[in-house]
Structures are given as C-alpha cells and as structure tokens.
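The structure appears below as structure tokens.
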Amino acid sequence: MKKAYLHVHIVTVDDQDRVWPDGGILYENGTIAAVGESAHVEQIARERGAEILDGGGKYLFPGLVNTHTHLYQELTKGLGSDLSLEEWFPKAMAPVGAALREEHMEAGVALGLLEAIHSGVTTVADYMQHQPVPGLGRVELDVAKQMGVRMVYGRGYRDIGRAEVVEDAAHIFADVEDLKARYVQPDGMITVWLAPAASWGLSDHLMRETRRYADATETPIMMHLFETGSDEAGSQQRFGKPAIEWFEEAGLLGPDLLAVHSVALGSAEMEKYQQYRVMVSYNPVSNMYLASGSAPVRELKERGLAVALGTDGAGSNNNNNMLEAMKSGALLQKVVHRDPQAMTAGEMLRMATIEGARALGLGDRIGSIEVGKAADFFLYDPMHSPIACPVCGTPEAALVYSGDHRAIDTVVIQGQTVLECGILTKGDEDAILVQARRMADDLLCRIR
C-alpha cells in the first residue's frame, strides 16, 4: 500500500528538529518513503501511484511512545485511591493480581490500548506484573495484534509474595521463550522483555538468574527501581547493604535495563546509573498520585542518561493518557526546580517520542519522522477541541500544554490506519467499553 498526506504541518523530532509547515509524507509497505515540502512529496507520490490525501493543515507528529504501563489495571480505576505505594499495592493491586483471569486480561488490555490510541500513542511498553494463571501473555499479545498497536511486552514475575503469583525461574523463562517464538517478527511490532518485580518481590537468586538469561538471550529488562525508599530499606534489612550495591553485585545494572520510576535516587545511585548506562522511564502522574516524589530528570539528563516518559498503570494514574503525562511531567519539573526552563515543551515531546523509542531499543525504527523509519504517526486537529484551539505558539507547546484526545484525528502504526477521523478502525469502541465495565465488576466481586 502506498499512501501520502499533503499539506500537513510536520514536526519531525529528528536530530535536527526539522519542521515542515506545509509538509508531506509518503509511506509504503509500512515505511516512510519521503518527507519534506508538500510539492516535492506530491511529485514523488504521483510518480509511484500512491493514494494522496489532503491533510488540510493538520499537525503531524511521530507516534507517542509510552515506556511504562500495566494495561490490566484499566479495570481498577479509582481502586486504592489516596494511599501511598506501600499501602496501595498490598491493599489494592495484590488482590487484583491474584484474581486475574483471561477474560479480565482481554478486557483491560483492549480498553488500555483504545485509550492509548486516542492519545496519539503508537507504541506501548506493558509491564504485565502478575501471572496467576498460564497464558495471560498470549491473551494480551493477541489483543495488541488485533488492534494494530506496537507492543513491548514485559513478562512480569516474582518468587516472593502471594502463592498465586509466585513462580520459579525455569517456568518463567520457558514462557518467555514461548512468547518470543509465537509473536516476535522482523517488523518489530512485538518484542518481549523480562520484567522482574520490584526488589521486594525478588530473591537474590532470581535476580541473578534474570541477568544470566538476559545476557544469554539478549533480552532486555524492565524493572521498578527506587520508586520510593522501599528498595533501600528492604536491601538493608535483608542483606545489610545499600540497594544499589545489591543490584550491582547481582548483575542487574546494564545498558539493557529500563529503570522505571527512579524517584528515590541519591548521588551514589545516579553515579551507578551513569556508569552502567541505565535507561529511565519517568512516570510523573503516578509518582504524584502515590505521593512518591519526583524523579531527578534534569540531573539524570545532565549525566547523559536516556530518560523517557510513561503513564504507569491506571491503578496509580487512572488513565493511559500520554497527553496528560506530558503536561504533568513538564510542569512537575518546573515546580521542583522553580525554573520554567527545567523542562520545555520540546524536551518533553522528545522524551515522549524519540527518547522513548531509544529506551525501548527501537530508536532506529520509530520515534521520529524520517525516511526509512516505520510509518508511526498521528494527525492532530485543534479545531476538534475547545481545549486545543487555537494554536498561538509552537506546535510542540500546543500539544504538550493544551493537548486533548478529541484533537487526535488519525493514528497510523506501521502504515496501518488504526484511528480515522477519531474513530477506531480495528475494533468496536462501544463493545470494548461495555466489556471493560462488565469485567471490572466481575473482578471486584472476586476480590471482595
């Protein structure tokens, strides 16, 4: 399939931050074939016999990359409100995780991906932290394939905690291998990562086995690290040493590690992150919701570390809206530093696109509008939203500070249109909402 959009305001987020006010994009077989001035792209598109659409002056951005969420938590919005992490997890999420079944998983993932698409997201990194019954990974990835969303699936596990979710290493890694064999293809639409639980759910043995398997199979790792002071307190109690020393000795740290949250960091932790080139997923809404604090984003970036953006799950955010995460994330850094330049709109957009892609090992494939990359992008029309209209400053500022899901007009992933004129093309929105409500009620009945 060959298709082109002309007369769109393109924000490329490439290394030169090029912008084409009257731009065009041509893509074929899921890959961007041309981008630049409309007249130039139109000529190429006509020569190649592409379908040509008039973008009508809409804004075109690279698809947003959500580097951390828990899609099953879509069924738990509002559950466990106004609690700290240390209270919230055992009271709300642990019972839910133990009660999850395939029908809940399917409903939660579908709703989460629907919400993601409506906020301009084309790639989701999902940390599926509970595995109370076999096959939940297959359920999730089948839904992702059906809805056409690019997915980095983190296969979660633990060997400390409730009996329903405890697993041994052999079973965990066998499931990871099965998921890779079933779903991973050269197109990069689905990748499978390791997602060990937070340190308090993991033995030293399983942490070391995680590194062994990761190295042997070149499988990256995502893990909650230093979300609060729990890692430090637990390590001191269990091993009599700082958590960062335990992580280093167990082999966890490395350039293939995505450290989610990273709020409670001191200079020693940041130095080790820098030494091992650890990547970070910043989850500002969740960190505020649970009163965890704010990640030292500016300090991490000054050390040359890759910092990307995530929503976290709806259990500690109440949505999967990356537009909200961008605005909140930028404003939180301004407040923490009392500096309006602490996080600019342009920096935040990069964190939500190309830096997110790089954090997920996909920087050569997605995250910016460039020839040779996958056609992952969205069209933004402020005329569809009283919040987004008018655009008086830069497009980046308009999206970050006035972004509204109603202005997300079209979403394209790997060249396939998954949202057109605000309507889902690969599923029934009403049916997804009805089923999510039914399954949320069922899940609550199970845990109560």
query = In chain order, what residues pass the side-chain hydrogen bond (donor to acceptor under 3.5 Å, both in side chains) check against Ser281, with sequence neighbours excluded?
reply = Thr67, Asn283

inquiry  = Can you tell me how the ring of Tyr273 sits relative to the ring of Phe226, calling it parallel under 30°, perpendicular over 60° and tilted otherwise?
reply    = tilted

Close aromatic pair by centroid cut-off 6.0 Å: Tyr183 and Tyr153 = no

ask   = So Thr122 and Val411, side-chain contact (heavy atoms from CB on, under 4.5 Å) or not? Walk me through it.
value = CA-CA 8 Å; Thr122 57; Val411 177; 3.8 Å; yes

message = If I compare all heavy atoms of Arg303 with all of Ser267, which pair ends up nearest, and what's the gap?
response = NH2-O, 4.2 Å

task = State which residue, out of Thr425, Asp142, Val418, Ile432, fulfils the side chain to side chain contact (heavy atoms under 4.5 Å, CB included) condition with Met147.
result = Ile432

request  = Kindly give the heavy-atom pair with the smallest separation between Ser81 and Tyr289, and that separation in Å.
outcome  = OG-OH, 3.1 Å

query = Which pair of heavy atoms, one from Asn66 and one from Gly310, lies closest together, and at what distance?
reply = OD1-CA, 3.2 Å

inquiry  = With a 3.5 Å distance limit and no angle check, can you tell me whether Glu347 reaches the backbone of Thr344 through a side-chain donor-acceptor pair?
reply    = yes

query = CH2/Trp246 to CE/Met207 distance, rounded to the nearest 0.5 angstrom?
reply = 4.0 Å

inquiry  = Determine whether Thr69 and Asn320 satisfy the following criterion, side-chain hydrogen bond (donor to acceptor under 3.5 Å, both in side chains), listing intermediate values before the conclusion.
reply    = CA-CA 7 Å; Thr69 189; Asn320 267 283; 2.6 Å; yes

query = Under 3.5 Å, side chain of Glu370 to main-chain N/O of Asp14, donor-acceptor pair present?
reply = no

ask   = Looking at Met189 and Gly148, what are the two nearest heavy atoms and their distance?
value = CE-O, 3.6 Å

message = Could you check whether atom CZ of Arg238 has more than 12 heavy atoms from other residues, nucleotides or ligands sitting under 6.0 Å from it?
response = yes

key: Evaluation steps, side-chain contact (heavy atoms from CB on, under 4.5 Å), between Leu60 and Leu379   = CA-CA 5 Å; Leu60 188 151; Leu379 297 181; 3.6 Å; yes

Between Asp187 and Gln414, a side-chain donor and acceptor under 3.5 Å = no

message = Using the salt bridge (charged side-chain N to carboxylate O under 4.0 Å, His left out) criterion, which residues pair with Asp126? Sequence neighbours excluded.
response = none

ask   = If you measure only the distance, is there a donor-acceptor pair under 3.5 Å linking the side chains of Glu140 and Tyr72?
value = no

task = Tell me, with the steps shown, if Phe173 and Thr217 meet side-chain contact (heavy atoms from CB on, under 4.5 Å).
result = CA-CA 10 Å; Phe173 301 136; Thr217 60; over 6 Å; no

query = Can you check whether Ile366's main-chain N or O pairs, donor with acceptor, with Lys373's side chain at less than 3.5 Å?
reply = yes

remark   = In terms of heavy-atom contacts, Pro242 and Glu232 come closest through CA-OE2, 3.4 Å

inquiry  = Under the criterion salt bridge (Lys or Arg N to Asp or Glu O under 4.0 Å), I'd like the reasoning laid out for Glu209 against Arg212: C-alpha separation, chi angles, the key distance, then a yes or no.
reply    = CA-CA 5 Å; Glu209 284 296 294; Arg212 182 197 62 76; 3.1 Å; yes

query = Is there a ring-ring contact (aromatic ring centres under 6.0 Å, His included) between His68 and His224 once you walk through the steps?
reply = CA-CA 10 Å; His68 184 67; His224 302 106; 5.0 Å; yes

ask   = Any luck finding a side-chain donor-acceptor pair between Gln131 and His171 under 3.5 Å?
value = no

task = Determine, step by step, whether Asp17 and Arg350 satisfy the salt bridge (Lys or Arg N to Asp or Glu O under 4.0 Å) criterion, reporting the C-alpha distance in whole Å, the side-chain angles of both residues, the deciding distance to 0.1 Å, and the verdict.
result = CA-CA 9 Å; Asp17 280 326; Arg350 293 191 70 85; 2.7 Å; yes

query = So, Glu106 and Gln146: side-chain donor and acceptor under 3.5 Å apart, yes or no?
reply = no

ask   = Looking only at side chains, do Asp442 and His104 share a donor and an acceptor under 3.5 Å apart?
value = yes

Partner of Tyr213 by side chain to side chain contact (heavy atoms under 4.5 Å, CB included), out of Thr219, Ile172, Ile221 = Thr219

task = Go through the steps to decide whether Arg211 and Asp215 satisfy the test salt bridge (Lys or Arg N to Asp or Glu O under 4.0 Å), and finish with yes or no.
result = CA-CA 6 Å; Arg211 172 48 66 194; Asp215 287 347; 2.9 Å; yes

ask   = Side chains of Leu300 and Leu265: closer than 4.5 Å at any heavy-atom pair?
value = yes

inquiry  = Ignoring hydrogens, what is the shortest heavy-atom contact between Ala388 and Tyr380? Give both atom names and the distance.
reply    = CB-OH, 3.3 Å

remark   = Here the gap from Ser328 atom OG to Asn321 atom CG, rounded to the nearest 0.5 Å, amounts to 9.0 Å

